[in-house]
Amino acid sequence: MMDQRRAPIAEAMRRYAGDGALAFHTPGHKQGLGAHRLLRELVTEEGLREEVSLMAELDDLHAPATCIREAQALAASLYGADAAYFMVNGTTGAIQAMLMAVLRPGDEVLLPRNAHRSVLGAIVLSGAHPVYLQPEVHEGMGIAMGLPPETVAKAVRKHPEARALVMVSPTYYGVASDLRRIAEILHRHGMLLLVDEAHGAHLRFSDDLPPQAMDAGADMAAQSTHKLLGSMTQSSLLLVRKGRVDLGRVQWAAGILQTTSPNQLLLASLDIARLQMAERGEELVGRAVRLSEELRRAVNGTDGLSAFGRECMTTPGASALDVTKVTVSVRGLGMSGAEAEHILRHAYKIQCELADAYHVLFIVSYADTQREVERLRDSLADLAGTYRKGSSFSLGCALPETPPQRMTPREAFFSPSVEVDFEKSIGQVSAEQVMFYPPGIPILCPGEEITAECVDYVKRMKALGLKATGAIDIELRSIRVLSST
Ligand SMILES: Cc1ncc(COP(=O)(O)O)c(C=O)c1O
(Lines give C-alpha, C1' and ligand atoms only; values in the text may rest on other atoms or scores of the structure.)
Protein backbone atom coordinates (compact mmCIF):
# COMPACT_ATOMS: atom_id res chain seq x y z
CA MET A 1 0.00 0.00 0.00
CA MET A 2 1.54 3.33 -1.02
CA ASP A 3 1.43 6.29 1.31
CA GLN A 4 -0.57 8.86 -0.65
CA ARG A 5 0.00 11.52 2.03
CA ARG A 6 3.57 11.93 0.79
CA ALA A 7 4.81 14.33 -1.91
CA PRO A 8 8.30 12.99 -2.64
CA ILE A 9 9.42 15.63 -5.15
CA ALA A 10 8.19 18.58 -3.09
CA GLU A 11 9.78 17.05 0.03
CA ALA A 12 13.15 16.51 -1.70
CA MET A 13 13.15 20.11 -2.96
CA ARG A 14 12.49 21.50 0.51
CA ARG A 15 15.19 19.30 2.00
CA TYR A 16 17.72 20.43 -0.61
CA ALA A 17 16.91 24.14 -0.18
CA GLY A 18 16.93 23.74 3.61
CA ASP A 19 20.40 22.21 3.52
CA GLY A 20 21.82 25.61 2.52
CA ALA A 21 24.40 24.40 -0.04
CA LEU A 22 26.01 27.39 -1.77
CA ALA A 23 24.72 27.41 -5.36
CA PHE A 24 27.32 27.19 -8.11
CA HIS A 25 24.85 25.61 -10.49
CA THR A 26 21.86 26.32 -12.69
CA PRO A 27 19.38 27.97 -12.75
CA GLY A 28 21.16 31.29 -13.10
CA HIS A 29 19.01 33.15 -10.58
CA LYS A 30 20.74 31.05 -7.90
CA GLN A 31 17.75 30.13 -5.77
CA GLY A 32 16.30 33.64 -6.05
CA LEU A 33 19.50 35.56 -5.24
CA GLY A 34 19.60 37.31 -8.61
CA ALA A 35 15.88 37.30 -9.32
CA HIS A 36 14.26 40.56 -10.40
CA ARG A 37 11.69 41.94 -7.95
CA LEU A 38 8.87 41.15 -10.38
CA LEU A 39 9.95 37.52 -10.67
CA ARG A 40 10.28 37.31 -6.91
CA GLU A 41 6.76 38.62 -6.45
CA LEU A 42 5.49 36.16 -9.02
CA VAL A 43 7.12 33.04 -7.69
CA THR A 44 7.78 33.89 -3.98
CA GLU A 45 11.12 33.68 -2.16
CA GLU A 46 10.52 30.09 -1.12
CA GLY A 47 9.58 29.04 -4.65
CA LEU A 48 12.83 30.49 -5.97
CA ARG A 49 14.88 28.93 -3.18
CA GLU A 50 13.51 25.54 -4.20
CA GLU A 51 13.66 26.12 -7.97
CA VAL A 52 16.82 24.12 -8.52
CA SER A 53 17.25 21.07 -10.70
CA LEU A 54 19.58 18.28 -11.67
CA MET A 55 20.90 17.79 -8.12
CA ALA A 56 21.42 14.17 -7.11
CA GLU A 57 18.81 14.60 -4.37
CA LEU A 58 16.21 15.79 -6.86
CA ASP A 59 16.43 12.83 -9.21
CA ASP A 60 16.38 12.81 -13.03
CA LEU A 61 13.12 12.92 -14.98
CA HIS A 62 14.76 10.90 -17.76
CA ALA A 63 16.11 8.14 -15.52
CA PRO A 64 14.04 8.41 -12.35
CA ALA A 65 15.39 6.46 -9.41
CA THR A 66 14.37 8.26 -6.23
CA CYS A 67 11.84 11.03 -5.56
CA ILE A 68 10.55 11.38 -9.16
CA ARG A 69 10.23 7.64 -9.45
CA GLU A 70 8.29 7.52 -6.17
CA ALA A 71 6.06 10.47 -7.14
CA GLN A 72 5.28 8.87 -10.50
CA ALA A 73 4.48 5.56 -8.80
CA LEU A 74 2.08 7.36 -6.43
CA ALA A 75 0.37 9.01 -9.41
CA ALA A 76 0.11 5.68 -11.26
CA SER A 77 -1.41 4.08 -8.19
CA LEU A 78 -3.97 6.86 -7.63
CA TYR A 79 -4.99 6.81 -11.29
CA GLY A 80 -5.10 3.02 -11.53
CA ALA A 81 -2.39 2.92 -14.23
CA ASP A 82 0.66 0.66 -14.46
CA ALA A 83 2.93 3.65 -15.04
CA ALA A 84 2.64 7.43 -14.93
CA TYR A 85 5.07 9.85 -16.56
CA PHE A 86 5.35 13.47 -15.45
CA MET A 87 5.31 15.72 -18.51
CA VAL A 88 6.54 19.32 -18.54
CA ASN A 89 5.50 20.28 -22.07
CA GLY A 90 1.81 20.03 -21.44
CA THR A 91 -0.49 17.44 -22.89
CA THR A 92 0.98 18.35 -26.26
CA GLY A 93 4.22 16.73 -25.10
CA ALA A 94 2.36 13.81 -23.54
CA ILE A 95 0.47 13.15 -26.79
CA GLN A 96 3.65 13.37 -28.83
CA ALA A 97 5.42 10.91 -26.52
CA MET A 98 2.37 8.60 -26.58
CA LEU A 99 2.34 8.37 -30.36
CA MET A 100 6.11 8.28 -30.81
CA ALA A 101 6.32 5.39 -28.34
CA VAL A 102 4.11 3.07 -30.38
CA LEU A 103 3.98 4.28 -34.00
CA ARG A 104 6.55 3.89 -36.74
CA PRO A 105 6.82 5.81 -40.02
CA GLY A 106 4.24 4.40 -42.42
CA ASP A 107 2.03 2.82 -39.73
CA GLU A 108 -1.66 3.39 -40.31
CA VAL A 109 -3.41 5.11 -37.43
CA LEU A 110 -7.16 5.65 -37.10
CA LEU A 111 -7.85 9.26 -36.23
CA PRO A 112 -11.20 11.02 -35.73
CA ARG A 113 -11.00 14.39 -37.47
CA ASN A 114 -11.81 16.35 -34.30
CA ALA A 115 -8.26 15.69 -33.11
CA HIS A 116 -6.41 18.50 -31.35
CA ARG A 117 -3.52 20.08 -33.27
CA SER A 118 -1.08 18.37 -30.89
CA VAL A 119 -2.21 15.01 -32.31
CA LEU A 120 -1.56 16.22 -35.82
CA GLY A 121 1.87 17.40 -34.68
CA ALA A 122 2.54 13.94 -33.26
CA ILE A 123 1.48 12.42 -36.60
CA VAL A 124 4.02 14.65 -38.35
CA LEU A 125 6.75 13.63 -35.90
CA SER A 126 6.01 9.91 -36.06
CA GLY A 127 5.45 9.73 -39.81
CA ALA A 128 2.31 7.63 -39.30
CA HIS A 129 -0.40 7.64 -41.97
CA PRO A 130 -3.69 8.95 -40.64
CA VAL A 131 -6.95 7.29 -41.65
CA TYR A 132 -9.49 9.95 -40.78
CA LEU A 133 -12.82 9.02 -39.21
CA GLN A 134 -15.73 11.41 -39.03
CA PRO A 135 -17.13 11.97 -35.51
CA GLU A 136 -20.85 12.58 -35.11
CA VAL A 137 -22.07 16.17 -35.05
CA HIS A 138 -25.12 17.18 -33.03
CA GLU A 139 -27.43 18.79 -35.56
CA GLY A 140 -29.06 21.32 -33.28
CA MET A 141 -25.94 22.44 -31.40
CA GLY A 142 -23.50 21.98 -34.25
CA ILE A 143 -20.80 20.52 -32.01
CA ALA A 144 -18.73 17.38 -32.49
CA MET A 145 -20.06 14.60 -30.33
CA GLY A 146 -18.21 11.32 -29.71
CA LEU A 147 -17.07 8.53 -31.94
CA PRO A 148 -19.58 5.64 -32.22
CA PRO A 149 -18.10 2.16 -31.61
CA GLU A 150 -19.79 1.14 -34.88
CA THR A 151 -17.64 3.67 -36.77
CA VAL A 152 -14.57 2.17 -35.12
CA ALA A 153 -15.65 -1.40 -35.96
CA LYS A 154 -16.15 -0.41 -39.61
CA ALA A 155 -12.76 1.32 -39.79
CA VAL A 156 -11.03 -1.67 -38.20
CA ARG A 157 -12.55 -3.99 -40.81
CA LYS A 158 -11.48 -1.66 -43.63
CA HIS A 159 -7.97 -1.08 -42.24
CA PRO A 160 -6.97 -4.34 -40.52
CA GLU A 161 -3.31 -3.31 -40.57
CA ALA A 162 -3.87 -0.14 -38.52
CA ARG A 163 -1.70 -0.01 -35.42
CA ALA A 164 -3.85 2.16 -33.19
CA LEU A 165 -6.77 4.54 -32.77
CA VAL A 166 -6.00 7.96 -31.29
CA MET A 167 -9.06 9.81 -30.08
CA VAL A 168 -10.13 12.63 -27.81
CA SER A 169 -12.50 11.75 -24.96
CA PRO A 170 -14.07 13.66 -23.33
CA THR A 171 -14.17 16.47 -25.87
CA TYR A 172 -13.68 20.10 -24.98
CA TYR A 173 -17.47 20.19 -24.50
CA GLY A 174 -17.33 17.27 -22.06
CA VAL A 175 -18.79 14.61 -24.35
CA ALA A 176 -17.30 11.16 -23.68
CA SER A 177 -17.34 8.25 -26.11
CA ASP A 178 -17.97 4.65 -25.15
CA LEU A 179 -14.30 3.84 -24.56
CA ARG A 180 -15.02 0.41 -23.09
CA ARG A 181 -16.62 -0.86 -26.29
CA ILE A 182 -14.08 0.90 -28.47
CA ALA A 183 -11.19 -0.65 -26.50
CA GLU A 184 -12.74 -4.13 -26.86
CA ILE A 185 -13.10 -3.75 -30.62
CA LEU A 186 -9.52 -2.54 -31.05
CA HIS A 187 -7.93 -5.09 -28.75
CA ARG A 188 -9.75 -7.93 -30.46
CA HIS A 189 -7.89 -6.88 -33.62
CA GLY A 190 -4.52 -6.32 -31.94
CA MET A 191 -4.79 -2.54 -32.11
CA LEU A 192 -4.10 0.03 -29.40
CA LEU A 193 -6.42 2.63 -27.90
CA LEU A 194 -4.59 5.91 -27.24
CA VAL A 195 -6.69 8.62 -25.64
CA ASP A 196 -6.24 12.37 -25.64
CA GLU A 197 -7.78 12.86 -22.20
CA ALA A 198 -6.66 16.47 -21.85
CA HIS A 199 -10.06 17.24 -20.36
CA GLY A 200 -10.32 14.23 -18.09
CA ALA A 201 -7.82 14.52 -15.23
CA HIS A 202 -10.67 14.81 -12.68
CA LEU A 203 -12.92 11.98 -13.94
CA ARG A 204 -11.56 9.31 -11.61
CA PHE A 205 -12.76 11.19 -8.54
CA SER A 206 -16.52 11.06 -9.11
CA ASP A 207 -18.85 8.21 -10.07
CA ASP A 208 -21.14 10.83 -11.60
CA LEU A 209 -18.56 11.53 -14.32
CA PRO A 210 -17.68 9.36 -17.34
CA PRO A 211 -15.10 6.65 -16.61
CA GLN A 212 -11.53 7.76 -17.26
CA ALA A 213 -9.72 6.13 -20.16
CA MET A 214 -7.43 3.96 -18.00
CA ASP A 215 -10.47 2.46 -16.27
CA ALA A 216 -12.21 1.85 -19.59
CA GLY A 217 -9.40 -0.25 -21.08
CA ALA A 218 -7.24 2.33 -22.91
CA ASP A 219 -3.56 1.51 -23.40
CA MET A 220 -2.41 5.08 -22.83
CA ALA A 221 -4.03 8.35 -21.85
CA ALA A 222 -2.59 11.87 -21.85
CA GLN A 223 -4.17 14.04 -19.16
CA SER A 224 -3.88 17.79 -18.59
CA THR A 225 -3.51 17.87 -14.83
CA HIS A 226 -3.02 21.60 -15.25
CA LYS A 227 -6.34 22.12 -17.01
CA LEU A 228 -8.78 20.58 -14.57
CA LEU A 229 -6.81 19.90 -11.41
CA GLY A 230 -4.33 21.89 -9.39
CA SER A 231 -0.93 21.64 -11.07
CA MET A 232 0.79 24.50 -12.87
CA THR A 233 0.16 25.28 -16.51
CA GLN A 234 2.31 23.09 -18.76
CA SER A 235 2.35 20.08 -16.42
CA SER A 236 0.55 16.93 -17.52
CA LEU A 237 0.47 13.18 -16.94
CA LEU A 238 0.93 10.34 -19.37
CA LEU A 239 -0.75 7.21 -18.00
CA VAL A 240 0.11 3.79 -19.37
CA ARG A 241 -1.26 0.24 -19.12
CA LYS A 242 1.52 -2.23 -19.74
CA GLY A 243 1.07 -5.30 -21.89
CA ARG A 244 0.60 -3.94 -25.37
CA VAL A 245 2.88 -0.95 -24.71
CA ASP A 246 6.63 -1.13 -24.11
CA LEU A 247 7.27 1.11 -21.07
CA GLY A 248 10.91 1.53 -22.04
CA ARG A 249 9.93 3.10 -25.34
CA VAL A 250 7.54 5.51 -23.59
CA GLN A 251 10.39 6.71 -21.35
CA TRP A 252 12.64 6.96 -24.40
CA ALA A 253 10.13 8.95 -26.45
CA ALA A 254 9.43 11.27 -23.52
CA GLY A 255 13.18 11.75 -23.19
CA ILE A 256 13.53 12.76 -26.85
CA LEU A 257 10.68 15.23 -26.72
CA GLN A 258 11.24 16.89 -23.37
CA THR A 259 13.85 19.23 -22.01
CA THR A 260 16.77 17.81 -20.06
CA SER A 261 16.21 20.66 -17.57
CA PRO A 262 12.62 20.16 -16.40
CA ASN A 263 11.36 22.91 -14.15
CA GLN A 264 11.24 21.60 -10.64
CA LEU A 265 8.23 23.75 -9.73
CA LEU A 266 6.22 22.09 -12.50
CA LEU A 267 7.23 18.62 -11.31
CA ALA A 268 6.44 19.50 -7.70
CA SER A 269 3.07 20.92 -8.71
CA LEU A 270 2.16 17.60 -10.36
CA ASP A 271 3.22 15.79 -7.20
CA ILE A 272 1.15 18.15 -5.03
CA ALA A 273 -1.91 18.06 -7.33
CA ARG A 274 -1.90 14.27 -6.98
CA LEU A 275 -1.56 14.59 -3.19
CA GLN A 276 -4.51 17.01 -3.12
CA MET A 277 -6.70 14.55 -5.05
CA ALA A 278 -5.58 11.66 -2.87
CA GLU A 279 -6.59 13.64 0.20
CA ARG A 280 -9.80 15.32 -0.97
CA GLY A 281 -10.46 14.36 -4.59
CA GLU A 282 -13.89 12.82 -4.11
CA GLU A 283 -15.10 15.64 -1.90
CA LEU A 284 -13.84 18.46 -4.17
CA VAL A 285 -14.74 16.95 -7.54
CA GLY A 286 -18.08 15.85 -6.05
CA ARG A 287 -18.74 19.48 -5.13
CA ALA A 288 -17.88 20.61 -8.67
CA VAL A 289 -20.38 18.09 -10.06
CA ARG A 290 -23.12 19.30 -7.70
CA LEU A 291 -22.46 22.99 -8.37
CA SER A 292 -22.34 22.53 -12.13
CA GLU A 293 -25.69 20.71 -12.09
CA GLU A 294 -27.20 23.57 -10.06
CA LEU A 295 -25.82 26.05 -12.56
CA ARG A 296 -27.14 24.02 -15.49
CA ARG A 297 -30.64 23.93 -13.95
CA ALA A 298 -30.57 27.70 -13.40
CA VAL A 299 -29.42 28.34 -16.97
CA ASN A 300 -32.16 26.12 -18.36
CA GLY A 301 -34.69 28.08 -16.28
CA THR A 302 -33.54 31.38 -17.84
CA ASP A 303 -35.42 32.66 -20.86
CA GLY A 304 -33.14 32.76 -23.93
CA LEU A 305 -30.42 30.48 -22.48
CA SER A 306 -29.94 26.75 -22.41
CA ALA A 307 -27.23 24.29 -21.39
CA PHE A 308 -27.34 20.72 -22.61
CA GLY A 309 -27.06 17.92 -20.07
CA ARG A 310 -26.98 14.16 -19.89
CA GLU A 311 -30.29 13.93 -21.81
CA CYS A 312 -28.38 14.87 -25.00
CA MET A 313 -26.08 11.89 -24.72
CA THR A 314 -28.40 9.84 -26.89
CA THR A 315 -26.70 11.16 -30.05
CA PRO A 316 -24.72 8.36 -31.71
CA GLY A 317 -21.17 8.42 -30.38
CA ALA A 318 -21.97 10.26 -27.18
CA SER A 319 -21.91 7.89 -24.25
CA ALA A 320 -21.66 10.10 -21.16
CA LEU A 321 -21.23 13.75 -20.21
CA ASP A 322 -18.72 15.45 -17.98
CA VAL A 323 -21.30 17.74 -16.40
CA THR A 324 -18.62 20.07 -14.99
CA LYS A 325 -18.35 21.53 -18.50
CA VAL A 326 -21.35 23.85 -18.72
CA THR A 327 -21.92 24.84 -22.34
CA VAL A 328 -24.40 27.70 -22.44
CA SER A 329 -26.18 28.40 -25.71
CA VAL A 330 -26.81 32.11 -26.27
CA ARG A 331 -28.52 31.63 -29.63
CA GLY A 332 -31.87 32.46 -28.06
CA LEU A 333 -30.55 35.94 -27.25
CA GLY A 334 -29.75 36.58 -30.92
CA MET A 335 -26.05 36.93 -30.21
CA SER A 336 -22.98 34.84 -30.93
CA GLY A 337 -20.87 33.13 -28.29
CA ALA A 338 -18.05 35.57 -29.06
CA GLU A 339 -20.34 38.55 -28.35
CA ALA A 340 -21.52 36.98 -25.09
CA GLU A 341 -17.90 36.29 -24.11
CA HIS A 342 -17.01 39.95 -24.67
CA ILE A 343 -19.95 41.24 -22.61
CA LEU A 344 -19.33 38.78 -19.78
CA ARG A 345 -15.65 39.71 -19.70
CA HIS A 346 -16.11 43.47 -19.68
CA ALA A 347 -19.51 44.14 -18.11
CA TYR A 348 -19.49 41.32 -15.54
CA LYS A 349 -15.77 40.53 -15.16
CA ILE A 350 -16.32 36.87 -15.91
CA GLN A 351 -14.12 34.97 -18.35
CA CYS A 352 -15.40 31.83 -19.99
CA GLU A 353 -13.14 28.99 -21.15
CA LEU A 354 -14.29 28.95 -24.78
CA ALA A 355 -16.71 30.79 -27.04
CA ASP A 356 -17.97 29.44 -30.34
CA ALA A 357 -20.63 30.64 -32.75
CA TYR A 358 -23.51 29.63 -30.47
CA HIS A 359 -22.04 28.96 -27.04
CA VAL A 360 -19.98 30.10 -24.12
CA LEU A 361 -18.42 27.24 -22.18
CA PHE A 362 -17.68 27.42 -18.45
CA ILE A 363 -15.53 24.99 -16.50
CA VAL A 364 -16.65 24.41 -12.92
CA SER A 365 -13.61 22.92 -11.25
CA TYR A 366 -12.69 21.42 -7.89
CA ALA A 367 -11.62 24.95 -6.89
CA ASP A 368 -15.07 26.55 -7.23
CA THR A 369 -17.48 27.13 -4.39
CA GLN A 370 -21.12 28.15 -4.18
CA ARG A 371 -20.03 31.82 -4.22
CA GLU A 372 -18.36 31.76 -7.67
CA VAL A 373 -21.07 29.67 -9.24
CA GLU A 374 -23.85 31.93 -7.88
CA ARG A 375 -22.09 34.98 -9.30
CA LEU A 376 -21.88 33.31 -12.69
CA ARG A 377 -25.54 32.24 -12.48
CA ASP A 378 -26.69 35.78 -11.61
CA SER A 379 -24.53 37.35 -14.31
CA LEU A 380 -25.92 35.01 -16.95
CA ALA A 381 -29.48 35.81 -15.85
CA ASP A 382 -28.67 39.51 -16.06
CA LEU A 383 -27.03 39.10 -19.47
CA ALA A 384 -30.16 37.38 -20.76
CA GLY A 385 -32.41 40.13 -19.35
CA THR A 386 -30.31 43.13 -20.40
CA TYR A 387 -28.55 42.26 -23.64
CA ARG A 388 -31.10 40.28 -25.64
CA LYS A 389 -30.71 41.33 -29.27
CA GLY A 390 -33.34 39.47 -31.20
CA SER A 391 -34.46 36.07 -32.22
CA SER A 392 -32.44 32.90 -32.49
CA PHE A 393 -30.13 32.47 -35.49
CA SER A 394 -28.59 29.51 -37.23
CA LEU A 395 -25.37 29.07 -39.21
CA GLY A 396 -27.02 26.44 -41.35
CA CYS A 397 -23.74 25.32 -42.98
CA ALA A 398 -23.19 21.60 -43.36
CA LEU A 399 -19.56 20.54 -43.08
CA PRO A 400 -17.96 19.94 -46.50
CA GLU A 401 -16.97 16.44 -47.54
CA THR A 402 -13.53 15.34 -46.26
CA PRO A 403 -11.17 16.45 -49.05
CA PRO A 404 -8.93 13.99 -50.91
CA GLN A 405 -5.69 13.24 -49.02
CA ARG A 406 -2.80 13.77 -51.47
CA MET A 407 0.00 13.07 -49.00
CA THR A 408 0.61 12.47 -45.30
CA PRO A 409 0.82 15.38 -42.84
CA ARG A 410 4.54 14.60 -42.45
CA GLU A 411 5.19 14.75 -46.20
CA ALA A 412 3.23 18.00 -46.35
CA PHE A 413 5.20 19.44 -43.43
CA PHE A 414 8.55 18.72 -45.07
CA SER A 415 7.54 19.90 -48.56
CA PRO A 416 8.27 23.47 -49.62
CA SER A 417 5.21 25.68 -49.31
CA VAL A 418 4.11 29.13 -50.42
CA GLU A 419 1.41 31.52 -49.32
CA VAL A 420 -1.42 32.05 -51.80
CA ASP A 421 -4.71 33.91 -51.89
CA PHE A 422 -7.17 31.55 -50.16
CA GLU A 423 -9.95 32.08 -52.68
CA LYS A 424 -7.58 31.14 -55.51
CA SER A 425 -6.24 28.02 -53.79
CA ILE A 426 -8.73 25.46 -55.17
CA GLY A 427 -6.96 22.33 -56.41
CA GLN A 428 -3.76 23.02 -54.43
CA VAL A 429 -2.55 20.90 -51.52
CA SER A 430 -2.89 22.55 -48.13
CA ALA A 431 0.13 22.73 -45.84
CA GLU A 432 -2.10 23.85 -42.98
CA GLN A 433 -5.05 22.79 -40.87
CA VAL A 434 -8.24 24.88 -41.06
CA MET A 435 -11.07 24.56 -38.57
CA PHE A 436 -14.00 26.51 -37.14
CA TYR A 437 -15.80 26.22 -33.78
CA PRO A 438 -18.38 24.77 -33.97
CA PRO A 439 -18.00 21.99 -34.78
CA GLY A 440 -14.25 21.90 -33.97
CA ILE A 441 -13.65 19.48 -36.84
CA PRO A 442 -11.02 20.48 -39.43
CA ILE A 443 -12.28 21.07 -42.93
CA LEU A 444 -8.69 20.80 -44.16
CA CYS A 445 -5.68 18.93 -42.80
CA PRO A 446 -2.09 19.22 -44.06
CA GLY A 447 -1.63 17.18 -47.24
CA GLU A 448 -5.27 17.51 -48.35
CA GLU A 449 -6.55 19.05 -51.57
CA ILE A 450 -8.38 22.33 -51.18
CA THR A 451 -11.77 21.79 -52.77
CA ALA A 452 -14.27 24.36 -54.07
CA GLU A 453 -16.61 23.11 -51.36
CA CYS A 454 -14.05 23.95 -48.64
CA VAL A 455 -13.47 27.45 -50.01
CA ASP A 456 -17.21 28.04 -50.23
CA TYR A 457 -17.70 26.84 -46.62
CA VAL A 458 -14.94 29.14 -45.38
CA LYS A 459 -16.50 32.10 -47.21
CA ARG A 460 -19.87 31.42 -45.58
CA MET A 461 -18.38 31.01 -42.10
CA LYS A 462 -16.36 34.21 -42.49
CA ALA A 463 -19.46 36.08 -43.66
CA LEU A 464 -21.04 35.06 -40.34
CA GLY A 465 -18.12 36.70 -38.52
CA LEU A 466 -16.45 33.46 -37.43
CA LYS A 467 -12.68 33.10 -37.21
CA ALA A 468 -10.80 30.04 -38.36
CA THR A 469 -8.28 28.31 -36.14
CA GLY A 470 -5.24 26.26 -37.15
CA ALA A 471 -3.94 28.33 -40.07
CA ILE A 472 -1.20 30.93 -39.70
CA ASP A 473 -3.43 33.66 -41.22
CA ILE A 474 -6.47 33.46 -38.94
CA GLU A 475 -8.34 35.81 -41.27
CA LEU A 476 -7.78 33.16 -43.97
CA ARG A 477 -7.18 35.74 -46.65
CA SER A 478 -4.19 33.53 -47.50
CA ILE A 479 -3.18 29.94 -46.92
CA ARG A 480 0.08 28.04 -47.22
CA VAL A 481 0.00 25.44 -49.99
CA LEU A 482 2.66 23.09 -51.27
CA SER A 483 4.68 24.85 -53.89
CA SER A 484 5.29 21.77 -56.04
CA THR A 485 1.58 21.47 -56.94
C1 LIG B 1 -8.34 18.15 -26.54
C2 LIG B 1 -6.97 18.71 -26.28
N3 LIG B 1 -5.90 17.93 -26.43
C4 LIG B 1 -4.65 18.38 -26.19
C5 LIG B 1 -4.44 19.68 -25.77
C6 LIG B 1 -3.02 20.14 -25.52
O7 LIG B 1 -2.82 20.37 -24.17
P8 LIG B 1 -1.66 21.34 -23.61
O9 LIG B 1 -2.15 22.74 -23.83
O10 LIG B 1 -1.51 20.96 -22.18
O11 LIG B 1 -0.43 21.08 -24.40
C12 LIG B 1 -5.54 20.54 -25.59
C13 LIG B 1 -5.33 21.93 -25.19
O14 LIG B 1 -6.21 22.77 -25.23
C15 LIG B 1 -6.84 20.05 -25.85
O16 LIG B 1 -7.92 20.82 -25.71
Side-chain angles (χ1 to χ4, degrees), residues 75 84-100 109 111-126 130 133 135 143-147 164-177 179 193-203 209-210 212-213 218 220-239 253-254 257-259 262-263 265-267 269-270 273 317-318 321-322 324-325 327 351-356 359-363 365 409 433 435-442 445 469-470 474:
Y85 297 85
F86 283 12
M87 307 298 298
V88 293
N89 187 26
T91 301
T92 298
I95 287 172
Q96 289 172 348
M98 176 163 84
L99 268 66
M100 288 286 281
V109 58
L111 184 65
R113 275 182 84 83
N114 60 335
H116 186 258
R117 53 188 286 191
S118 53
V119 178
L120 214 62
I123 295 282
V124 168
L125 289 174
S126 67
L133 312 181
I143 62 174
M145 304 302 269
L147 185 67
L165 165 72
V166 187
M167 64 179 291
V168 59
S169 183
T171 64
Y172 218 143
Y173 297 91
V175 179
S177 299
L179 294 180
L193 173 59
L194 313 177
V195 181
D196 170 359
E197 204 172 36
H199 298 278
H202 59 312
L203 300 182
L209 296 176
Q212 65 157 11
M220 287 199 259
Q223 289 190 343
S224 295
T225 319
H226 73 88
K227 282 194 206 301
L228 295 155
L229 296 179
S231 70
M232 284 167 73
T233 300
Q234 214 173 304
S235 59
S236 294
L237 272 188
L238 178 55
L239 302 171
L257 294 158
Q258 299 207 97
T259 172
N263 187 299
L265 300 182
L266 297 182
L267 295 178
S269 78
L270 277 170
L321 181 68
D322 169 7
T324 66
K325 294 286 184 71
T327 305
Q351 179 60 57
C352 64
E353 164 69 12
L354 169 106
D356 70 25
H359 309 101
V360 267
L361 187 158
F362 303 94
I363 294 177
S365 90
Q433 191 188 50
M435 170 164 84
F436 288 89
Y437 278 97
I441 297 175
C445 287
T469 62
I474 54 164

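Being a predicted model, the structure only gives us computed values, none of them experimental. Both counts, for ligands and for their atoms, begin at 1 and track the order of listing.
- For H202, the ring-ring contact (aromatic ring centres under 6.0 Å, His included) test picks out no residue, with sequence neighbours left out.
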Residues 168-176 side chain polar contacts: donor-acceptor under 3.5 Å, at least two apart:
unit_1: S169; atom_1: OG; unit_2: S177; atom_2: N; d: 3.1
unit_1: T171; atom_1: OG1; unit_2: Y173; atom_2: N; d: 3.2
unit_1: T171; atom_1: OG1; unit_2: G174; atom_2: N; d: 3.4
unit_1: T171; atom_1: OG1; unit_2: V175; atom_2: N; d: 3.1
unit_1: Y172; atom_1: OH; unit_2: E353; atom_2: OE2; d: 2.4
unit_1: Y173; atom_1: OH; unit_2: D356; atom_2: OD2; d: 2.6

Solution key, residues 84-96 side-chain donor-acceptor pairs under 3.5 Å, sequence neighbours excluded:
unit_1: Y85; atom_1: OH; unit_2: L247; atom_2: O; d: 3.4
unit_1: T91; atom_1: OG1; unit_2: S224; atom_2: N; d: 3.3
unit_1: T91; atom_1: OG1; unit_2: S224; atom_2: OG; d: 2.4
unit_1: T91; atom_1: OG1; unit_2: S236; atom_2: OG; d: 2.8

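- Between I363 and K325, some side-chain heavy-atom pair lies under the 4.5 Å cut-off.
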I'd like the atom pairs linking ligand 1 to the protein - N or O on both sides, separation under 3.5 Å - with distances to 0.1 Å.
unit_1: ligand 1; atom_1: 3 (N); unit_2: D196; atom_2: OD1; d: 3.1
unit_1: ligand 1; atom_1: 3 (N); unit_2: D196; atom_2: OD2; d: 2.6
unit_1: ligand 1; atom_1: 9 (O); unit_2: K227; atom_2: NZ; d: 3.4
unit_1: ligand 1; atom_1: 10 (O); unit_2: T91; atom_2: N; d: 2.8
unit_1: ligand 1; atom_1: 10 (O); unit_2: H226; atom_2: NE2; d: 2.7
unit_1: ligand 1; atom_1: 11 (O); unit_2: T91; atom_2: N; d: 3.2
unit_1: ligand 1; atom_1: 11 (O); unit_2: T92; atom_2: N; d: 2.8
unit_1: ligand 1; atom_1: 11 (O); unit_2: T92; atom_2: OG1; d: 2.5
unit_1: ligand 1; atom_1: 14 (O); unit_2: K227; atom_2: NZ; d: 3.1
unit_1: ligand 1; atom_1: 16 (O); unit_2: H199; atom_2: NE2; d: 2.8

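- With values rounded to the nearest 0.5 angstrom, L203 atom CG is found 8.0 Å from L228 atom CG.
- Judged purely by atom type and a 3.5 angstrom limit, H359 has no side-chain atom pairing as donor or acceptor with the backbone of L361.
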